[in-house]
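What follows is a structure written as structure tokens; I'll ask about it next.
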Amino acid sequence: LLPKELSSVRPDEFPVCPACQFGKQKRSFQTSDMKSHSITSGDTNPGDCVSVDMIHSPFGGLIPQSKGIPRKERYHYACVFVDHATQLTYVTFQLTQTAEETVDSKHAFESFAASHGITIKKYRADNGAFNTRVFKESIIAAHQRIDFCGAYAHHQNSIAERMIQTITFRAR
């Protein structure tokens, strides 16, 4: 069934599929002394600490609607909340990166957690939309704490960063 010119091709010369090539790009060598994630000893119960981060996509996502003329606005941001103890991930979509929309995302996550009997005690976040006056006032009003990561220190918020990577790979 194969053409004669392909009958002499060795298995190590077969073309590699794009998914296999992409998977090889991400492989890295790990030593036995590397830590798997950054859960501290006090973050063992759900809600003890939640990492939060923002995803920006230059390609906007469609806003769901049931009727009428399609909207021109697109979702360009997503706020990702990851609980340290359970790895539960909650994603909210945002049109902009404003502090008000970020606080709305925080309230949506907290109401979801409260519906399951969980109270959020502490957040770990990058600077940016989370280091604004409006977001800090929301934290104070809810009797919560927040830890900020250093500039360009993504390893300090590694749980949220890793979940963003997982979400992105699954979407791709």
Side-chain angles (χ1 to χ4, degrees), residues 22 26 35-172:
F22 187 72
K26 195 60 194 156
K35 294 187 169 123
S36 60
H37 49 78
S38 60
I39 293 180
T40 61
S41 61
D43 299 340
T44 56
N45 296 323
D48 283 350
C49 188
V50 173
S51 287
V52 60
D53 204 355
M54 187 83 64
I55 302 174
H56 172 259
S57 173
F59 311 107
L62 295 174
I63 298 173
Q65 66 184 75
S66 59
K67 62 182 178 176
I69 299 171
R71 298 174 68 174
K72 294 188 189 282
E73 299 110 6
R74 298 284 188 257
Y75 288 126
H76 286 280
Y77 298 91
C79 199
V80 179
F81 299 87
V82 184
D83 183 66
H84 285 208
T86 62
Q87 295 295 304
L88 173 97
T89 305
Y90 187 86
V91 180
T92 58
F93 297 106
Q94 297 179 198
L95 296 172
T96 63
Q97 195 179 6
T98 62
E100 290 78 14
E101 273 194 88
T102 307
V103 169
D104 290 342
S105 294
K106 175 185 172 288
H107 291 309
F109 169 67
E110 289 172 354
S111 65
F112 172 79
S115 71
H116 291 81
I118 305 296
T119 304
I120 308 302
K121 297 176 184 77
K122 182 174 82 169
Y123 286 98
R124 178 174 293 149
D126 295 337
N127 295 318
F130 307 106
N131 197 11
T132 59
R133 180 186 52 80
V134 176
F135 195 82
K136 288 179 183 176
E137 287 174 356
S138 171
I139 294 285
I140 292 168
H143 305 291
Q144 298 166 334
R145 295 181 333 194
I146 187 164
D147 293 336
F148 291 108
C149 301
Y152 303 104
H154 298 291
H155 63 279
Q156 293 178 350
N157 201 10
S158 62
I159 294 175
E161 297 290 345
R162 175 62 185 175
M163 191 55 66
I164 288 173
Q165 180 185 22
T166 302
I167 290 168
T168 305
F169 284 174
R170 288 181 181 171
R172 189 175 291 137

Practice task
Working to the nearest 0.5 Å, report the span between CD1 of Ile55 and CD of Gln97.
Solution key: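 It comes to 11.5 Å.
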Handout entry: Tyr90: ring pair (Phe, Tyr, Trp, His ring centres under 6.0 Å) partners, not counting sequence neighbours
Key =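 Partners of Tyr90 by the ring pair (Phe, Tyr, Trp, His ring centres under 6.0 Å) criterion, ordered by chain and then number, come out as Phe109, Phe112.
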Practice task
Can you establish whether the number of heavy atoms outside Phe93 located under 6.0 Å from its atom CZ is more than 12?
Solution key: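 No, not enclosed.
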Exercise for the section: Run the numbers on Ser57 and His76 for side-chain contact (heavy atoms from CB on, under 4.5 Å), then give the verdict. Expected result: CA-CA 5 Å; Ser57 173; His76 286 280; 5.6 Å; no
Problem - Check against side-chain contact (heavy atoms from CB on, under 4.5 Å), Ile167 and Val80 - result: CA-CA 10 Å; Ile167 290 168; Val80 179; 4.3 Å; yes
Problem - Side chain to side chain, Val82 and Val50, heavy atoms closer than 4.5 Å - result: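 Side chain of Val82 against side chain of Val50, heavy atoms only: no contact under 4.5 Å found.
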Practice task
Fit a plane to each ring of His56 and Tyr77, take the angle between them on a 0 to 90° scale, and name the class: parallel (under 30°), tilted (30 to 60°) or perpendicular (over 60°).
Solution key: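 The rings of His56 and Tyr77 sit tilted, inter-plane angle from 30° to 60°.
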Problem - Beyond-backbone contact of Lys122 with Asp147, side-chain heavy atoms, under 4.5 angstrom - result: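 The answer is yes; the side chains approach within 4.5 Å.
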Handout entry: Heavy-atom side-chain contact between Phe81 and Thr92 under 4.5 Å
Key =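 Yes, close enough: below the 4.5 Å cut-off.
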Practice task
Find out whether Gln87 and Met163 are in side-chain contact, i.e. whether some heavy atom of one side chain is under 4.5 Å from a heavy atom of the other.
Solution key: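 Yes; the side chains approach each other to less than 4.5 Å.
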Handout entry: Non-neighbouring partners of Glu73 that pass side chain to side chain contact (heavy atoms under 4.5 Å, CB included), sequence neighbours left out
Key =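 Only Ile63, Arg71, Leu95 meet the side chain to side chain contact (heavy atoms under 4.5 Å, CB included) criterion with Glu73.
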Exercise for the section: Could you check if a side-chain atom of Cys149 sits within less than 4.5 angstrom of a side-chain atom of Asn127, using non-hydrogen atoms only? Expected result: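 No, side chains not in contact.
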Problem - For Arg170, all residues meeting side chain to side chain donor-acceptor pair (under 3.5 Å), sequence neighbours excluded - result: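 Here no residue qualifies.
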Practice task
Could you tell me which residues satisfy side chain to side chain donor-acceptor pair (under 3.5 Å) with Thr98, sequence neighbours excluded, listed by chain and number?
Solution key: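 In terms of side chain to side chain donor-acceptor pair (under 3.5 Å), with neighbours along the sequence ignored, Thr98 is linked to Thr96.
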Problem - Check: Asp83 side chain, Leu88 main-chain N or O, donor-acceptor pair, under 3.5 Å - result: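 Flag not set: sc Asp83 to bb Leu88 has no pair under 3.5 Å.
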Problem - Distance (rounded to the nearest 0.5 Å) between Ile120 CD1 and Asp48 CG - result: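 So the gap between those two atoms works out to 9.0 Å.
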Exercise for the section: Sequence neighbours left out, what pairs pass salt bridge (Lys or Arg N to Asp or Glu O under 4.0 Å) with at least one residue falling in residues 99-108? Expected result: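 Sorted result for residues 99-108: Lys106-Glu110.
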Exercise for the section: Could you list the residues that satisfy side chain to side chain donor-acceptor pair (under 3.5 Å) with Ser51, not counting sequence neighbours? Expected result: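 Here the qualifying residues are His84, Asn157.
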Handout entry: Contact summary for Ala129 and Phe135, nearest pair of heavy atoms
Key =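 Scanning both residues completely, I find the closest heavy atoms to be O-CB, 3.9 Å.
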Problem - Spatial distance of atom CD1 (Ile139) from atom NZ (Lys136) [nearest 0.5 Å] - result: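 Going from the CD1 atom of Ile139 to the NZ atom of Lys136 covers 10.5 Å.
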Practice task
Output, in order, the C-alpha distance, side-chain angles, deciding distance and verdict of side-chain contact (heavy atoms from CB on, under 4.5 Å) for Tyr123 and Gln144.
Solution key: CA-CA 8 Å; Tyr123 286 98; Gln144 298 166 334; 3.4 Å; yes
Practice task
May I ask you to test the Ser138-His107 pair for a side-chain heavy-atom distance under 4.5 Å?
Solution key: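 With C-beta onward as the side chain, the pair touches.
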Practice task
In sequence, state the C-alpha distance, the side-chain angles, and the governing distance for Asp126 and Gln156, and then conclude on side-chain contact (heavy atoms from CB on, under 4.5 Å).
Solution key: CA-CA 9 Å; Asp126 295 337; Gln156 293 178 350; over 6 Å; no
Practice task
Could you tell me the separation between the CD1 atom of Ile159 and the NE2 atom of His155, rounded to the nearest 0.5 Å?
Solution key: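 Taking CD1 in Ile159 and NE2 in His155, the distance rounds to 13.0 Å.
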Handout entry: Gap between atom CZ of Arg74 and atom CZ of Phe59 - 0.5 Å precision
Key =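 Going from CZ on Phe59 over to CZ on Arg74, the span is 13.5 Å.
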Exercise for the section: Check whether any side-chain heavy atom of Thr102 lies under 4.5 Å from a side-chain heavy atom of Gln94, and answer yes or no. Expected result: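 Yes; the side chains approach each other to less than 4.5 Å.
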Handout entry: Side chain to side chain, Phe130 and Met54, heavy atoms closer than 4.5 Å
Key =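 Yes, close enough: below the 4.5 Å cut-off.
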